[in-house]
Amino acid sequence: MEWNPPVPHRAGDRTAACWMAPCRSDGGSMHSHLAEQFASELINVRSDAELDRALGQVSRRLGFDHFALSLETRSVSRDNPGLLLHDYPDEWAKVYVAFDLAGQDPVRRACDKTVIGFAWDWIDDLVPLTRGDRQMLAVGRECGIGNGYTVPRHLPGIGRGTCTFAVKPEKKLPRRLFALAEMVGTLALSCALGLSGQCSQKPVPALSDRQRECLLWVARGKTAAEVAMILGISSETVIQHLKVARERYQVHCKQSLVVSALFDGLIGFGDIIRWRDTA
C-alpha cells in the first residue's frame with residue numbers, strides 16, 4: 001500500500017499556499033535574521049533552562065503565545081526521563097497530567113503520519129478524530145490553548161521529538177511564518193538532543209541476517225512454527241535466533257524486541273504493512 005500524504009489544504013482556505021510561500025519582501029529579511037539569531041543563540045545554550053528561555057522569546061517574536069518541546073528517547077528511565085519544556089497555561093498542564101492525556105493526544109498520533117509540521121486544524125486529514133479527541137481539543141481551548149503548529153521529528157535509534165507553537169483561542173495562527181516555525185522547531189530539537197547526551201549513545205545491537213528474518217516474520221504476526229516453515233528451518237532454530245536477538249537488545253519479550261528493532265531501523269513499518277496488504 002502506498003500512502004499519499006494529505007495536502008494541508010481545505011476548500012476556501014489557502015493554508016497550503018501559506019506554508020509553501022516564502023516570507024514576503026516587506027518582512028523577509030527580518031524573519032531570516034530572526035532564524036539566524038536563534039541558531040546563533042542555541043550554540044551557546046548549555047542547559048534546559050537556557051533552551052526554555054530562548055524558545056519562549058522566539059515563539060513570541062514569531063507571533064505565537066505558547067510553546068512546548070518534548071523529547072522522548074528510546075532509553076527512557078528514572079535516570080533519563082527525556083525532556084519536556086513548555087509555557088502552557090498551568091490549568092491545561094494540570095489537566096493534561098491529571099487525566100494522563102498523553103496517551104490519547106491526537107496531536108501525538110498525527111506526528112506519526114507526517115515528516116513535516118502541521119497545523120492542528122489539519123489533524124483530521126492525518127488521523128481520524130474521535131469524539132474524545134474533539135472533546136480534548138475543546139478542553140484545551142477552555143484552558144487557553146487554541147490552534148497550534150507542531151513540528152515532528154523521528155530520530156532512528158534514539159526516539160522522537162516534537163516542538164509545538166500555539167496561540168490563544170481568540171487568535172489566528174501566523175500561517176505565513178510556518179516555514180520559519182519549522183526551522184526553529186528543528187533547531188530547538190537538535191539542541192535538546194545535544195543536551196540529553198543521546199548523540200553519544202551505544203551503537204545499535206548487531207543482528208545476523210537470519211535473526212532479522214525471524215524477527216521480521218514475528219513482527220508480521222507469525223508464530224515460531226510458522227516462521228520455521230516459511231524459512232525452511234526448525235522451530236528450535238527460530239526460537240534460538242529470537243532468544244539471541246532479545247539478549248543483544250537486553251529485552252525479555254518479543255513485543256519489546258519488535259519495538260526496539262523498529263526504533264533502530266532494523267525493520268520498518270513498511271516491511272510489515274506492505275506484506276499484510278499483499279498477503
Side-chain angles (χ1 to χ4, degrees), residues 1-6 70-83 102-105 107-116 126-128 151-162 186 189-190 192-279:
M1 177 180 70
E2 182 178 356
W3 180 74
N4 295 313
S70 171
L71 181 65
E72 303 170 28
T73 61
R74 178 170 168 267
S75 57
V76 169
S77 64
R78 183 175 299 178
D79 297 328
N80 181 26
L83 178 64
Q104 310 169 40
D105 194 342
V107 176
R108 287 168 58 92
R109 299 203 311 273
C111 286
D112 293 331
K113 291 292 186 177
T114 179
V115 295
I116 62 171
L126 295 168
V127 296
V151 179
R153 284 297 176 266
H154 307 282
L155 314 166
I158 299 174
R160 59 187 283 177
T162 62
T186 301
L189 286 167
S190 297
L193 185 60
L195 291 173
S196 73
Q198 290 297 305
C199 293
S200 57
Q201 65 168 11
K202 296 179 181 179
V204 175
L207 299 185
S208 69
D209 290 342
R210 190 58 103 183
Q211 289 162 0
R212 181 186 175 279
E213 281 183 304
C214 292
L215 173 58
L216 179 57
W217 282 108
V218 167
R220 289 169 171 170
K222 298 299 183 181
T223 65
E226 290 170 330
V227 174
M229 292 181 61
I230 293 169
L231 299 180
I233 57 180
S234 69
S235 297
E236 291 75 14
T237 300
V238 172
I239 292 170
Q240 182 62 26
H241 281 318
L242 294 173
K243 179 177 181 292
V244 172
R246 289 197 305 273
E247 290 174 348
R248 291 183 180 179
Y249 263 103
Q250 298 181 7
V251 296
H252 303 289
C253 65
K254 66 180 180 182
Q255 290 86 355
S256 296
L257 177 60
V258 169
V259 170
S260 297
L262 283 168
F263 260 120
D264 287 344
L266 288 177
I267 60 175
F269 284 104
D271 298 326
I272 301 171
I273 295 171
R274 279 196 296 271
W275 175 83
R276 287 180 176 172
D277 289 337
T278 58

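Only heavy atoms go into these numbers, but all of them, side chains included; no hydrogens, no water, no symmetry mates.
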Do you know which two heavy atoms are closest between [X] and [Y], and how far apart they sit?
{"X": "Pro152", "Y": "Thr114", "result": "CG-O, 3.8 Å"}
{"X": "Asp271", "Y": "Arg220", "result": "O-NH2, 2.9 Å"}
{"X": "Leu262", "Y": "Gly268", "result": "CD2-C, 3.8 Å"}
{"X": "Leu257", "Y": "Leu242", "result": "CD2-O, 4.1 Å"}
{"X": "Val227", "Y": "Lys222", "result": "CG2-CB, 3.8 Å"}
{"X": "Ile272", "Y": "Ala219", "result": "CD1-CB, 3.7 Å"}

(request) Mind checking the CD-OG spacing from Glu226 to Ser235? Nearest 0.5 Å is all I need. (result) 10.0 Å
(message) Just verifying a value: how many Å separate Leu195 CG and Leu83 CG, rounded to the nearest 0.5 Å?
(response) 7.5 Å
(message) Can you confirm whether Glu213 sits close enough to Ile230 that some side-chain heavy atom of one is under 4.5 Å from a side-chain heavy atom of the other?
(response) no
(message) A side-chain contact here means heavy atoms from C-beta on lying under 4.5 Å apart; do Arg248 and Leu207 qualify?
(response) yes
[Y] backbone acceptor or donor facing [X] side chain under 3.5 Å:
{"X": "Arg212", "Y": "Leu266", "answer": "yes"}
{"X": "Arg109", "Y": "Pro128", "answer": "yes"}
{"X": "Arg210", "Y": "His241", "answer": "no"}

(message) Using the rule side chain to side chain contact (heavy atoms under 4.5 Å, CB included), only one of Leu231, Val244, Ile239 pairs with Cys214; which is it?
(response) Leu231
(request) Sequence neighbours left out, what passes side chain to side chain donor-acceptor pair (under 3.5 Å) with Arg246? Give chain and number order. (result) none
(request) Applying side chain to side chain donor-acceptor pair (under 3.5 Å), name anything that partners Lys243, two or more places apart in sequence or on another chain. (result) Glu247
